[in-house]
Amino acid sequence: QATPPLSSSSPPPSSSSLSAHVEISQTSKKRKIEQDDRESKHKARRRDKKMSKKVSLRQHIQDVGGEGGEGIITNAQLNEAHYVFLGDGLRRVEPYYYEFRVNAKGRWKGQPLIDVFCREFSHLSRKAYLAKIKLGQITINGKTVLPDTKIQQHDVITHLVHRHEPPVTDRPVTIISETDDVIVVDKPASIPVHPCGRYRHNSLIYILAHEHNTALHTSNTTNSNNNRFSSLHGVHRLDRLTSGLLLLAKNPKVAKKYGEQIADHGSIHKQYIAKVVGDFPSEEITVDQPIKVVNFRLGFNEVHPDGKPCCTLFSKKSYDPETNTSIVICKPVTGRTHQIRIHLKYLGHPITNDPLYNDDPSVNKLSSLKEAISRATMVDDIDSFDSLPPSTLPSSSSSSSTATSTEQNRNTDKSSEDKDEDKETEEELLACPDCKQPK
């Protein structure tokens, strides 16, 4: 139907009504702007509060001497423990008390503290962990809490332990060259570069700090300025089991500078020499197979189509028919963890004494990844399989079934253990599993 025409008698809209409509629209826009501004300020306050919490927790770690792998190593930290040399080619560390600190992992958020320790660090019994939490040897953000306290994001968890470090070679760390910015050392095999897993004082940067500190074991336990190697920063990685030249920077700025040159294939290039099984092909070989992390806790990787891009160049230097081994020059184009070892295994020429990627039972500590994971659940504080000493491994015939039954018993007997935790004395529960010394 047609719309009837407006009556000639209907007055047109007045100018005042038009201006009122415009004024109402402007008021609505102003209110929306003010509301958006309030929401923006609220979000900013929440963000600042979170950042403040992060800073305060980082400061707490610094105040109590936290370990982050790099940074200033104080005389107080060096005096935690002492080296022992028995003339058998090994450098040992006297057992000492140490407080592990770790930032809460994402998968721990909302989980009870006791459950996380029993699941992630199964070296001790549930009763022992309950006793340690009760006595404040396991804390959250420096405070004693209840066993069922749920872990939150940004929490810092501490654990006091009687620490036994594995021995390493007593071969000296030779300084090849030194400037005001960097040092170049000949790193012996068996020594990790930075504190990791079960290693702290038996790491390269701690050994250098120990051996070049003129004021060590004196009354001055806080000043580290007399030690030119108290703050070393890694420029590139070198596996614990790998020996050779290592470049270390004396400040973070220099470490970043040279690290970028290596990553961008600038003026610094790396090459390795490996002794491998079999007669390696004479022609130069390029392996560009991607590598994927199979198990983060063990640091175990493998060639996999879903992995990250990876490339290594190989060329044979010599072959020894008597031992059926070859000397191979290895040039990594990328910098993935264990990439040379993995690519050599992929070619069918693993490193002769590689305990992880050589399938020879006389060399390989583990016969399968499944067995590796089973055994890893029985060892505490392992960041990398390279840190795993052979003495901590159970026999291969029983490891898998033992780990499975341990997990089943932990689930079924959880409540009964909580009720019976007083049957053993606290001294027995808290005795060091390595030397039985009460904590």
Side-chain angles (χ1 to χ4, degrees), residues 51-83 91 93-94 96-103 139 141-142 154 156-161 163 165 168 172-187 191-238 240 246-260 381 383 387:
M51 290 301 299
S52 176
K53 184 178 181 180
K54 288 182 181 180
V55 171
S56 64
L57 289 177
R58 284 198 296 267
Q59 186 62 46
H60 166 71
I61 295 175
Q62 294 173 1
D63 292 342
V64 295
E67 174 186 19
E70 294 184 346
I72 296 178
I73 301 175
T74 65
N75 288 347
Q77 290 172 317
L78 295 178
N79 274 304
E80 291 171 343
H82 307 288
Y83 293 119
R91 177 193 297 267
V93 177
E94 288 184 354
Y96 58 98
Y97 291 102
Y98 178 75
E99 192 172 56
F100 278 98
R101 293 175 181 83
V102 62
N103 293 316
T139 66
N141 301 330
H154 308 312
V156 176
I157 301 169
T158 61
H159 181 197
L160 179 66
V161 299
R163 194 164 184 176
E165 296 192 26
V168 298
V173 179
T174 305
I175 299 175
I176 305 299
S177 179
E178 181 179 3
T179 68
D180 292 339
D181 293 329
V182 299
I183 65 168
V184 180
V185 301
D186 181 9
K187 186 189 90 66
I191 302 177
V193 177
H194 301 293
C196 62
R198 293 165 61 92
Y199 298 88
R200 179 172 166 87
H201 290 272
N202 261 350
S203 64
L204 187 83
I205 63 170
Y206 264 78
I207 291 173
L208 287 171
H210 269 283
E211 295 182 346
H212 297 273
N213 189 345
T214 57
L216 192 60
H217 309 309
T218 67
S219 58
N220 181 9
T221 61
T222 58
N223 180 24
S224 60
N225 294 329
N226 57 347
N227 188 345
R228 71 183 193 274
F229 295 151
S230 64
S231 180
L232 295 176
H233 303 262
V235 174
H236 60 97
R237 293 196 306 266
L238 209 56
R240 182 180 72 86
L246 180 70
L247 182 64
L248 295 168
K250 295 182 179 180
N251 63 72
K253 186 177 180 180
V254 174
K256 181 181 179 181
K257 171 187 172 182
Y258 287 115
E260 289 176 346
D381 302 319
D383 290 345
S387 304

Visitor: Which residues pass the ring pair (Phe, Tyr, Trp, His ring centres under 6.0 Å) test with Phe229, not counting sequence neighbours?
Guide: His212

Visitor: Just how far is it from atom OH of Tyr98 to atom CG of Leu160, taken to the nearest 0.5 Å?
Guide: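 Tyr98 atom OH to Leu160 atom CG measures 11.0 Å (nearest 0.5 Å).
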
Visitor: Return the set of residues passing side chain to side chain donor-acceptor pair (under 3.5 Å) with Lys187 (not counting sequence neighbours), or none when no residue passes.
Guide: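 So Lys187 forms no side chain to side chain donor-acceptor pair (under 3.5 Å) with any residue.
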
Visitor: To the nearest 0.5 angstrom, please state how far the CD1 atom of Ile205 sits from the CG atom of Leu208.
Guide: 8.5 Å

Visitor: With Glu94, which residues qualify under salt bridge (Lys or Arg N to Asp or Glu O under 4.0 Å), at least two apart?
Guide: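 Expected list: none.
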
Visitor: Between Tyr97 and Val161, is any pair of side-chain heavy atoms under 4.5 Å apart?
Guide: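 With C-beta onward as the side chain, the pair stays apart.
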
Visitor: Okay, side chain of Asn103, backbone of Val156: is any donor-acceptor separation there less than 3.5 Å?
Guide: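 Flag not set: sc Asn103 to bb Val156 has no pair under 3.5 Å.
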
Visitor: For Asp181, which residues count as a salt bridge (Lys or Arg N to Asp or Glu O under 4.0 Å) partner, sequence neighbours excluded?
Guide: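 Listed in chain order: nothing, the list is empty.
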
Visitor: Angle class for the Tyr206/His210 ring planes (parallel below 30°, perpendicular above 60°, tilted otherwise)?
Guide: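 Ring orientation of Tyr206 relative to His210: tilted.
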
Visitor: Restricting to side chain to side chain donor-acceptor pair (under 3.5 Å), what partner residues turn up for Asn251, sequence neighbours left out?
Guide: none

Visitor: Could you tell me if the side chain of Val235 sits less than 4.5 Å from the side chain of Val182, heavy atoms only?
Guide: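 Answer no - side chains too far apart.
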
Visitor: Could you check whether any side-chain heavy atom of Arg237 comes within less than 4.5 Å of a side-chain heavy atom of Val193, counting everything from C-beta outward?
Guide: no

Visitor: So, taking the atom named CD1 in Ile207 and the one named CZ in Arg91, what distance separates them when rounded to the nearest 0.5 Å?
Guide: 4.0 Å

Visitor: Tell me, do Leu204 and Leu248 make a side-chain contact under 4.5 Å, heavy atoms counted?
Guide: yes

Visitor: Once rounded to the nearest 0.5 Å, what's the spacing between atom CG of Leu247 and atom CG of Leu232?
Guide: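 So the gap between those two atoms works out to 10.5 Å.
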
Visitor: Going by side chain to side chain donor-acceptor pair (under 3.5 Å), name the residues that satisfy it together with Ser203, two or more places apart in sequence or in a different chain.
Guide: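 Partners of Ser203 under the side chain to side chain donor-acceptor pair (under 3.5 Å) test: none.
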
Visitor: When you compare the side chain of Ile183 with that of Lys250, does any pair of heavy atoms fall below 4.5 Å?
Guide: yes

Visitor: Answer yes or no: is there an ion pair linking Arg200 with Glu80, defined by an N-O contact shorter than 4.0 Å?
Guide: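 The answer is yes: the pair qualifies as a salt bridge.
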
Visitor: Partners of Tyr96 by side chain to side chain donor-acceptor pair (under 3.5 Å), sequence neighbours excluded?
Guide: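 By the side chain to side chain donor-acceptor pair (under 3.5 Å) rule, Tyr96 matches Glu165.
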
Visitor: Can you find a pair of side-chain heavy atoms, one from Asn213 and one from Ile73, that are under 4.5 Å apart?
Guide: no

Visitor: For a side chain to side chain contact (heavy atoms under 4.5 Å, CB included) check, start with the C-alpha distance between Val184 and Leu246, then their side-chain angles and the critical distance, and finish with the verdict.
Guide: CA-CA 6 Å; Val184 180; Leu246 180 70; over 6 Å; no

Visitor: State the CZ-CZ distance between Arg163 and Arg198, to the nearest 0.5 angstrom.
Guide: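 Spacing of CZ (Arg163) from CZ (Arg198) equals 9.0 Å.
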
Visitor: What's the separation between atom NE2 in His233 and atom NZ in Lys256, rounded to the nearest 0.5 Å?
Guide: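 Interatomic distance, His233 NE2 to Lys256 NZ, rounded to 0.5 Å: 14.0 Å.
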
Visitor: Determine, stepwise, if the pair Val93 / Tyr83 fulfils side chain to side chain contact (heavy atoms under 4.5 Å, CB included).
Guide: CA-CA 5 Å; Val93 177; Tyr83 293 119; 3.8 Å; yes

Visitor: Using the test side chain to side chain contact (heavy atoms under 4.5 Å, CB included), find all partners of Thr174 that sit at least two apart in sequence or belong to another chain.
Guide: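 Partners of Thr174 by the side chain to side chain contact (heavy atoms under 4.5 Å, CB included) criterion, ordered by chain and then number, come out as Ile176, Asp186.
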
